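What you see is a predicted model, and the numbers here were worked out from it, not measured in a lab. As the structure lists them, so they are numbered: ligands from 1, and atoms in each ligand from 1. Computed from heavy atoms alone, side chains included, the values below leave out hydrogens, waters and symmetry copies.
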Amino acid sequence: MLFLAALLYLTLISIVNAFVCTNDGLFANPLDIHSFYQCASGTPHLMPCPAGLVCNSDGKLCDWKPTEPIVDCVSSQKVNCRATTRWATNGHVIVGVDSESGRDSQHLNAPGGIFIDTRHGNNVYVVDGNNYRVQKFLGNSLASDGITVAGGNGNGSDPDQLKTPVDVYVDANENVYVGDSSNHRIQMWPKGATSGFTAVDTEGTGEYENRVGYFHSMFFHEKTNTFYLPDVFKKRVVKFVNGSNIGTVVVGQDGDEFPSKILYKPTGVFVDDCETLYVADAGGSRIQKFLKGSTDGITVAGDYQEGSNVTQFKQPWSIKVDQYNNMYIVDTFNGRIHKWGPNDNAGVTIIGGNGFGDQLNQLWFSYYMALDSEGNIFITDYGNHRVQKFDIQPEISSC
Ligand SMILES: *[C@@H]1O[C@H](CO)[C@@H](O)[C@H](O)[C@H]1NC(C)=O
Ligand SMILES: *[C@@H]1O[C@H](CO)[C@@H](O)[C@H](O)[C@H]1NC(C)=O
Ligand SMILES: *[C@@H]1O[C@H](CO)[C@@H](O)[C@H](O)[C@H]1NC(C)=O
């Protein structure tokens with residue numbers, strides 16, 4: 001009896017674990033990212049991936065792309081899957097091929113912030129500054145025409161207009177949030193809407209001291225429903241909960257004089273899953289990192305002196321951090337993207353650094369970049385009125 005029960009149990013287990021071929025073809029193995037199933041005439045054959053490759057979260061079979069690591073805010077013992085990764089040095093232009101400004105769907109005029117919606121097919125959203133609009137490019141068809149998803153109704157302060165759009169964020173429901181700097185507002189355009197509404201009035205109703213006038217970028221931390229703005233004139237970072245006009249100063253309080261407590265000219269912010277705040281302090285030629293709740297910054301990139309060597313920056317305007325804590329810094333006046341690993345004491349130029357110009361390996365006053373889910377880098381090239389994509393190079397790693 002016991003034997004029969006055990007047999008039944010084992011049979012059930014093997015049924016639960018057995019892969020059922022719904023069609024012939026190749027399928028990810030739901031139980032192991034290092035192998036996949038080949039279904040032939042309805043029979044599954046388990047096939048191993050070549051060493052180091054995995055089936056990634058998009059269901060691509062045996063890709064070199066590592067899967068997302070589990071966030072661990074306590075220990076920093078994360079394996080860095082992109083420690084030595086490199087990117088193609090020539091970009092592909094996805095919009096603005098002729099480096100001319102324009103208003104049609106294949107042109108931009110002074111592009112700014114860029115966001116890649118990794119939850120929806122890596123769709124690319126670009127702030128098109130002097131056209132007072134945000135353009136969307138489909139991730140699966142990057143060269144196709146841009147679609148206006150916010151603004152596009154001239155320079156102004158009406159709900160359907162933008163005045164100085166600087167940055168863009170897209171939430172899980174594809175609603176678009178635009179940092180509309182000189183209108184002192186974050187304007188939300190619900191998905192598909194022809195007009196926006198003000199989600200945050202940054203000059204708001206809170207204490208006068210906590211109001212933000214002009215800002216150069218915006219970061220939305222969706223987990224905590226909070227916007228972070230670098231307040232360039234008051235030299236600090238202020239946060240606003242979505243839907244509230246009451247700002248709270250996060251770092252850079254008046255009165256502190258220690259270099260670790262102050263910011264010289266904050267232009268970019270990034271907040272990771274552990275609520276670690278990174279500030280691109282363009283005026284301090286450095287990147288400051290603040291652990292959650294701390295107002296004491298740690299310089300994690302830059303040696304404080306403006307310059308062009310491996311430890312220096314010239315106006316590091318914005319920063320992105322990947323899931324392994326590698327930092328990607330848009331080093332605007334050096335015309336390059338610098339990558340620093342989480343414990344590095346020097347950076348590596350991965351893109352640009354070839355002077356200003358319109359060649360495919362050059363940037364001409366770039367201020368913003370973004371990473372897609374595979375780690376490809378997209379850069380808005382302000383002076384060339386274009387967006388370039390730089391492909392990540394395959395690398396066999398143990399991740
Ligand atoms: C946008 O309009 C404002 C007035 O509302 C004006 O001061 C500003 O120069 C205009 N911007 C451009 C680029 O024309
Ligand atoms: C932000 O707030 C608006 C209302 O002001 C709301 O419609 C939207 O869903 C909120 N966004 C998120 C990501 O919660
Ligand atoms: C970078 O340049 C500065 C100033 O000339 C110098 O002090 C520093 O040692 C240089 N760093 C490296 C790594 O070359």
### Task
Could you tell me whether E222 and ligand 2 have an N or O pair separated by under 3.5 Å?
no
### Task
For the residue pair Y367 and F365, categorise the inter-ring angle as parallel (less than 30°), tilted (30 to 60°) or perpendicular (more than 60°).
parallel
### Message
Quick check on contacts: which atoms of ligand 2 are under 4.0 angstrom from a heavy atom of Y177?
### Response
1 (C), 8 (C), 10 (C), 11 (N), 12 (C), 13 (C)
#### Entry: Atom indices of ligand 2, in the order listed, that fall short of 4.0 Å to a heavy atom of F197
5 (O)
## Note on the structure
W340 and V300 have their tightest heavy-atom pair at CE3-O, 3.6 Å
### Task
Quick one: which residue pairs count as a salt bridge (charged side-chain N to carboxylate O under 4.0 Å, His left out) with a foot in residues 291-318, not counting sequence neighbours?
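Listed once each, the pairs are E275-K292.
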Would you say [Y] and [X] are linked by a side-chain donor-acceptor pair, where the criterion is simply a distance under 3.5 Å?
X	Y	result
N131	H107	no
T198	D201	no
K261	T295	yes

### Task
Please indicate whether R119 has more than 12 foreign heavy atoms, meaning atoms of other residues, nucleotides or ligands, lying under 6.0 Å from its CZ.
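Atom CZ in R119 is packed in, count exceeds 12.
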### Query
Do other residues, nucleotides or ligands put more than 12 heavy atoms under 6.0 Å from the CG atom of N345?
no
### Message
Per the ring-ring contact (aromatic ring centres under 6.0 Å, His included) rule, what does the pair list look like for residues 221-245, sequence neighbours excluded?
### Response
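Every ring-ring contact (aromatic ring centres under 6.0 Å, His included) pair that includes a residue of residues 221-245, provided the two are not neighbours, is Y177-F227, F220-F227.
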For each nitrogen or oxygen atom of ligand 3, which protein N/O atoms lie closer than 3.5 Å, and how far apart are they, rounded to 0.1 Å?
unit_1   : atom_1 : unit_2 : atom_2 : d
ligand 3 : 2 (O)  : N309   : ND2    : 2.3
ligand 3 : 2 (O)  : Q312   : NE2    : 3.3
ligand 3 : 11 (N) : N309   : ND2    : 3.0
ligand 3 : 14 (O) : N309   : ND2    : 3.4

### Query
Quick one: hydrophobic cluster around Y264, which other residues, with the 4.5 Å side-chain cut-off, linked directly or via members?
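Hydrophobic cluster check, Y264: joined to I262, Y304.
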Contact atoms of ligand 1, heavy-atom distance to [X] under 4.0 Å:
X	result
Y132	11 (N), 12 (C), 13 (C), 14 (O)
N155	1 (C), 2 (O), 3 (C), 8 (C), 10 (C), 11 (N), 12 (C), 14 (O)
K163	5 (O)

### Task
Return a yes/no value for N130: is any of its N or O atoms, backbone included, closer than 3.5 angstrom to an N or O of ligand 1?
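No, no N or O pair falls under 3.5 Å.
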### Message
Under 4.0 Å, heavy-atom basis, I'd like to know which part of N225 is in contact with ligand 2: side chain, backbone, both or neither.
### Response
side chain
